[in-house]
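Each remark here refers to the structure printed beneath this line.
Labels below follow one simple rule: chain letters A, B, ... track the order of the sequence lines, proteins then strands, and each chain is numbered from 1.
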Amino acid sequence: MTLLTLDVETTLNAPEAFGLAHPMHPFNSIVFLGTKVSGKDPLIFTESFSEHLIVAIDLNKPDFIVGSNMSFDLLYLLRHTKSLEQRKIIQSQRLWDIQLAEYLLTGQQAKWASLDEMSIKYGLPIKDSKVSDYFAQGIGSDKIDSELIIPYLIQDVCNTEAIAMLQMESATKSNQLDLFLSQMEALHCTTEMMFNGLEVDIQTFKDYTVEVATTYADTKVTLEKRSVEFGPAANAYPITDVDSSLQWSKLLFGGTKKVESKEAVGMFKNGKVKYKKVITLVNTFPVSGVIPLDAWKSEKTGKVSVDDKVLSIIVDKTKDPDIKELVLLLQQYREVSKQLSTYIQGLGKHIIEEQETARIYGRLNHVATSTGRLSSASPNLQNISNNPIKKVFVSRYGDDGQLVEFDFSQLEVAVLAHITKDTRLIKDITDGNDIHSELYRNMYGKYPDDATRKWFKRLTFGLIYGAGANTLAENAGCSYDVAKNFIITFYTRYPSVKDWHNIMAGSADKLATYDYVGDIHKLSRTWRWISETKRVYVFSEYKSTYSTSRDYTFSPTELKNYPVQGLATGDIVPMMLGILFRKLIDKPGVKLINTVHDSIMLDVRNDVLTETITEVRSILNKTHEFYEATFGIPLALKLNAGCKVGKNWFELTEI
DNA sequence: TCAACAAGCGCC
DNA sequence: GGGCGCTTGTTGA
């Protein structure tokens with residue numbers, strides 16, 4: 001086994017808003033590259049970084065390139081390459097990221113494990129903190145004495161290599177290598193996506209900014225005016241900040257306000273009365289006229305929620321037209337304010353303009369979630385509103401290209417069918433039956449219309465996520481009896497789903513053990529469950545909300561959902577990301593640019609559009625074959641992917 | 001003054 | 001009901 005371990009030290013020149021070390025920022029570059037080949041001494045390079053790496057690959061033919069949080073290093077190295085050929089050599093290698101490996105080995109418990117943390121765990125010497133202190137102060141490697149940084153870098157690569165060796169041994173023992181290798185391929189893919197970034201149309205962005213900012217300003221002024229004018233009761237809580245949910249709660253549902261008054265406490269020698277400022281708490285009048293449910297009250301603060309759901313209930317129930325108008329206005333304000341601050345200003349901060357391009361380079365994280373899903377940050381490109389803001393994301397090829405989005409159809413339901421092996425659910429999905437409509441018919445004897453189906457879907461998803469009848473009713477806005485009846489209908493139609501839910505709950509209770517923290521055992525138990533892909537899930541007991549016989553219980557929702565979410569969007573989608581990466585990386589005019597849980601987005605030049613869509617579709621429709629080839633287990637049903645194409649992310653049409 | 005927490009809300 | 005990340009206001013050291 002030959003490992004080629006690497007670590008880069010870089011400048012920290014990007015503006016604060018980007019994160020000083022942003023690997024795609026033009027102000028940043030590598031200062032030192034440290035490499036180590038198994039059995040040899042480490043080497044330090046101060047120039048021609050990618051060339052040196054390529055020479056090392058060529059000479060040593062490593063089995064793996066090893067690093068910690070490798071996408072960081074790889075993005076720098078890819079940026080430093082001078083040709084596509086050089087990039088291909090780096091990207092042809094297999095990877096072993098010790099941070100990702102640690103995350104998988106610990107059942108997603110070690111999130112963002114640092115090299116220091118791992119060094120301690122694996123019994124290795126940890127480094128002097130002087131260099132880390134400089135980094136913490138925003139001083140880049142170019143400004144640090146190389147006498148100081150070189151030993152630091154050498155120790156890093158040595159520890160990284162040693163950790164990788166121990167992890168490989170461990171992963172082999174636990175039979176997890178298939179999963180690890182698949183996940184490392186996915187890491188290559190997401191690194192490529194981060195490298196490519198998303199092209200932004202600056203003019204569209206500016207126009208949309210003006211539009212939303214205007215609406216925002218108008219709405220805010222009106223809302224402020226109305227909230228001040230408003231006062232059927234003299235002691236209603238005064239709104240001084242329309243962004244404060246606390247103030248709205250006190251206005252709508254009552255609370256306390258501080259009232260300042262003067263109190264005579266005696267007399268000065270000159271005969272004047274001596275006063276003291278006194279602050280008294282006064283109860284304020286609840287203007288909404290709606291009695292809040294206990295469920296709306298925060299457990300920790302006792303505050304009554306004024307989220308959108310509660311506001312809608314007030315709008316429905318209130319008899320006072322002024323209240324209704326005020327609350328509707330608040331809902332409008334909340335919406336436009338979210339758009340402006342999170343999406344317009346938030347995205348704007350991340351645009352990097354260079355020569356002819358304007359791009360957003362977000363981060364796709366592999367070590368952030370409990371289920372193995374990917375997450376996205378800086379900015380989060382997985383929660384962009386489905387509204388015209390998405391028009392700003394366009395093809396980098398301009399009029400000569402299109403954005404293409406592939407979506408797995410009802411992925412989590414299909415994966416539930418696979419896990420539970422429920423024959424009816426497998427048949428429904430395979431035959432293309434709409435499970436929501438079928439369940440509705442089972443319950444009511446007829447098929448639903450479109451609006452009814454849309455409402456009814458919430459019940460299906462709620463159940464898959466593990467909700468009980470109470471929460472189901474609350475969330476879907478139906479009676480407890482309807483929710484209860486739905487659960488019976490679902491479990492009757494798909495009995496193996498019921499069995500599996502019961503088995504998970506029963507096994508957790510039966511097989512859980514008390515872990516030790518130091519030498520004291522924890523009050524709550526832990527259950528480690530290993531999936532067929534050998535991904536480990538860790539379930540812990542929580543303090544019961546209800547007063548049951550036991551103080552701590554497992555969350556049934558976690559037990560029901562982790563395995564489904566994990567297999568679907570933690571194992572299967574990343575596996576396909578890795579496969580697509582290998583198939584598409586050599587193709588001119590095709591760029592992998594983003595993934596949102598069950599979807600994969602490409603930027604494609606028009607001259608290769610048709611062939612690319614045909615190829616990707618055919619690959620994704622063979623997901624079951626890749627699954628069996630990767631994990632040695634047949635998938636109980638075929639997965640299907642849809643495809644949408646368009647000039648921008650908002651205007652995509654199904655093809 | 002700053003960091004942590006809470007509320008709220010966007011996506012799958 | 002599950003999983004995230006970002007923005008704003010609040011709170012408390």
Under 4.0 Å, counting only non-hydrogen atoms across every strand here, what does [X] touch: a base, just sugar-phosphate, or nothing?
X	answer
A:Ser378	sugar-phosphate
A:Gly346	sugar-phosphate
A:Asn475	base
A:Val306	sugar-phosphate

[N] OP1/OP2 closer than 4.0 Å to side-chain N/O of [X]:
X	N	result
A:Ser244	C:dT10	yes
A:Lys349	C:dT7	yes
A:Lys338	B:dG10	no
A:Ser599	B:dC12	no
A:Ser370	C:dC4	yes
A:Tyr562	C:dG3	yes
A:Lys303	B:dG8	yes

Do the charged groups of [X] and [Y] touch, with an N to O distance under 4.0 Å?
X	Y	value
A:Arg535	A:Asp571	yes
A:Arg373	A:Glu412	yes
A:Asp481	A:Lys484	no

Specify the separation, in whole Å, of atom [atom1] of [X] and atom [atom2] of [N].
X	N	atom1	atom2	answer
A:Ile384	C:dG5	CD1	P	14 Å
A:Asn387	B:dC9	CG	P	15 Å
A:Leu311	B:dA7	CG	P	15 Å
A:Tyr465	B:dC12	OH	C1'	6 Å
A:Ile572	B:dC12	CD1	C1'	15 Å
A:Trp296	B:dA6	CH2	P	22 Å
A:Lys250	C:dT10	NZ	C1'	10 Å

Of the nucleotides [options], which has the atom closest to the [X] side chain?
X	options	answer
A:Ser245	B:dG8, C:dC4, B:dC11	B:dG8
A:Glu558	C:dC4, C:dG2, B:dC9	C:dG2
A:Arg373	B:dG8, C:dT8, B:dC12	B:dC12
A:Ser341	C:dT7, C:dG3, C:dG5	C:dT7
A:Thr301	C:dG5, C:dT8, B:dA6	B:dA6
A:His597	C:dG3, C:dG9, B:dA7	C:dG3
A:Ala377	C:dG9, B:dG10, C:dG5	C:dG5
A:Ser375	B:dC12, C:dC4, C:dT10	C:dC4
A:Ser298	C:dG3, B:dA7, B:dG10	B:dA7
A:Asn383	B:dG8, B:dC11, C:dG3	B:dC11

Taking N and O atoms by type only, does the side chain of A:Asn380 place a donor or acceptor under 3.5 Å from a partner on the base of C:dG5?
->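 Between C:dG5 and A:Asn380, which were checked side chain against base, a qualifying N/O pair under 3.5 Å is absent.
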
Any N/O donor-acceptor pair, A:Arg334 side-chain to B:dC9 base, under 3.5 Å |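 For A:Arg334, whose side chain was compared with the base of B:dC9, there is no donor-acceptor pair (under 3.5 Å).
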
Have A:Thr256 and A:Asn283 got a donor and an acceptor in their side chains that come within less than 3.5 Å?
->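 No, A:Asn283 and A:Thr256 have no side-chain donor paired with an acceptor closer than 3.5 Å.
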
Of all the heavy-atom pairs spanning A:His436 and A:Thr460, show the shortest one and how long it is.
->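 A:His436 and A:Thr460 have their closest heavy atoms at ND1-OG1, 3.0 Å.
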
Rounded to the nearest 0.5 Å, how far apart are CZ of A:Phe408 and NE2 of A:His597?
->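 Between atom CZ of A:Phe408 and atom NE2 of A:His597 there are 14.5 Å.
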
Is it true that A:Tyr440 and A:Phe456 have ring centroids separated by less than 6.0 Å?
->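 Yes.
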
